[in-house]
Protein chains: 2
Amino acid sequence: MNAIFDALSHPIRREVLELLKRGGMTAGELADHFPVSKPTMSGHFAKLKSAGLILGENRGGTIIYTLNLSVLEEAVMGFMNRVRAGQSASTRTCPPKGETA
Amino acid sequence: MNAIFDALSHPIRREVLELLKRGGMTAGELADHFPVSKPTMSGHFAKLKSAGLILGENRGGTIIYTLNLSVLEEAVMGFMNRVRAGQSASTRTCPPKGETA
DNA sequence: TAGCTATTTAGCTAATACGCTAAACAACAA
DNA sequence: TTGTTGTTTAGCGTATTAGCTAAATAGCTA
């Protein structure tokens, strides 16, 4: 939980997650999207990875990072549900089961 | 966006939001739930307030904080939708409109 | 082997964040 | 006015974070 929200607190790291939504990208490709050095980006990747939000696959010299969406979903939606618990239907994200949207 | 995710990065601040889900509480009531000093809690309230996540109403000497859920919803769900965009139906949070859950 | 590309690690600086105590401020009661 | 309660502000110490450059590591190609 903590590591995940910590990881989400930096705008570059949130944007990395967005870039990965369509599939894997190499560390270099990702780094090229941001105006900071590659070592700095490597630190951001490390934080995202240790939070479990991305996975790194080593493909001979280059590393392909992919989004681990389920971990993000579970942490963020779990928190939102805890904050919303007991709220009225008007603020629910989804309709109750068995009802039409 | 940034201020909101920054505010969410500290576990005490997330828990404050959860405590406020059922209604307003005074700064002192909130502070009593945590093992840190009141000045420290005051700093956490200030951060939550400047992010727009809570509102403080001054009722003669004591301050009542309330959750501003819509700001939290908009930021967090907005981000989740950006990260999910283009994902398959199996990972969607809600069923498409007009379908039964 | 050497050389090239991709990425991380090491080491540093500067800025930010979090905690504390003591003091200040505001509202109310005696 | 004095005291009491509730809360924030001021000031400080320490830890963490984010950025940099330079160097190290890993894998490929020739």
Side-chain angles (χ1 to χ4, degrees), chain A residues 1-20 23-68 72 75 79, chain B residues 1-20 22-68 72 75-76 79:
Chain A
M1 257 299 262
N2 237 301
I4 293 174
F5 278 94
D6 253 22
L8 293 179
S9 72
H10 197 290
I12 284 183
R13 291 192 292 262
R14 289 197 301 276
E15 203 169 334
V16 165
L17 298 180
E18 292 183 43
L19 285 171
L20 292 177
M25 292 176 71
T26 68
E29 286 171 339
L30 286 166
D32 288 344
H33 283 78
F34 302 94
V36 299
S37 70
K38 286 176 194 244
T40 294
M41 288 305 296
S42 182
H44 287 309
F45 299 146
K47 209 158 202 172
L48 287 167
K49 197 170 164 185
S50 85
L53 293 172
I54 63 175
L55 301 168
E57 188 191 358
N58 203 320
R59 281 269 193 212
T62 78
I63 292 168
I64 297 174
Y65 285 114
T66 55
L67 180 61
N68 197 351
L72 180 62
F79 168 68
Chain B
M1 257 297 264
N2 237 302
I4 293 174
F5 278 94
D6 254 22
L8 293 179
S9 72
H10 197 289
I12 285 183
R13 291 191 293 262
R14 289 197 302 275
E15 203 169 335
V16 165
L17 298 180
E18 292 184 43
L19 285 171
L20 293 178
R22 294 288 186 180
M25 293 175 70
T26 68
E29 286 171 339
L30 286 167
D32 288 343
H33 283 77
F34 301 94
V36 299
S37 70
K38 285 175 195 246
T40 294
M41 287 304 297
S42 181
H44 286 310
F45 299 147
K47 210 159 201 171
L48 286 167
K49 197 170 164 185
S50 86
L53 293 172
I54 64 175
L55 301 169
E57 188 190 358
N58 202 321
R59 280 272 192 210
T62 78
I63 290 166
I64 298 174
Y65 285 113
T66 54
L67 180 60
N68 197 350
L72 180 61
V76 173
F79 169 68

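Numbers restart at 1 for each chain; the letters A, B, ... are given by sequence-line order, proteins then strands.
- The distance from atom CG of A:L55 to atom CD1 of A:I63, rounded to the nearest 0.5 Å, is 12.5 Å.
- Nearest-nucleotide assignment on DNA chain C puts the 5′-proximal partner with B:H44, out of B:H44 and B:P39.
- B:A27 and B:Y65 get closest at one heavy-atom pair: CB-CE1, 3.8 Å.
- Close to C:dG19, at under 4.0 Å from its OP1 or OP2, lies a side-chain N or O of B:H10.
- Ranked by how close their nearest DNA chain D nucleotide is to the 5' end, A:T62 and A:V36 are led by A:V36.
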Do any side-chain atoms of residues 36-44 of chain A form donor-acceptor pairs under 3.5 angstrom with protein atoms, and if so which ones, sequence neighbours left out?
residue : atom : partner : partner atom : Å
A:S37   : OG   : A:T40   : N            : 3.3
A:S37   : OG   : A:T40   : OG1          : 3.0
A:H44   : ND1  : A:R13   : NH1          : 3.1

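- In this model, the phosphate group of C:dC20 is approached by a side-chain N or O of B:T40 to a distance below 4.0 Å at OP1 or OP2.
- Taking atom NZ of residue A:K49 and atom C1' of nucleotide C:dT8, one finds them 11 Å apart after rounding to whole Å.
- Here the rule is side chain to side chain contact (heavy atoms under 4.5 Å, CB included) with B:L20, and of B:T66, B:L30, B:N68 only B:L30 fits it.
- One interatomic measurement links the two molecules: CD1 of A:I64 to C1' of C:dA6, which rounds to 12 Å at whole-angstrom precision.
- Atom CG in A:D32 sits about 14 Å away from atom P in C:dT5, given to the nearest Å.
- The distance between the ring centers of B:F5 and B:F79 falls below 6.0 angstrom.
- Proximity of A:R59 to the phosphate of C:dA6: no side-chain N or O atom is located under 4.0 Å from OP1 or OP2.
- When the side-chain nitrogen and oxygen atoms of B:K38 are compared with OP1 and OP2 of C:dT21, none of them lie within a distance under 4.0 Å.
- For the pair A:D6 and A:G61, both in contact range of DNA chain D, the more 5′-proximal nearest nucleotide belongs to A:D6.
- From the 5' end on, the contacts that DNA chain D makes with chain B at under 4.0 Å to a non-hydrogen atom open and close at D:dG6 to D:dT9.
- A sub-4.0 Å separation between OP1 or OP2 of C:dA6 and a side-chain N or O of A:Y65 is absent.
- Counting only heavy atoms from C-beta outward, the side chains of B:K47 and B:H10 never approach each other to under 4.5 Å.
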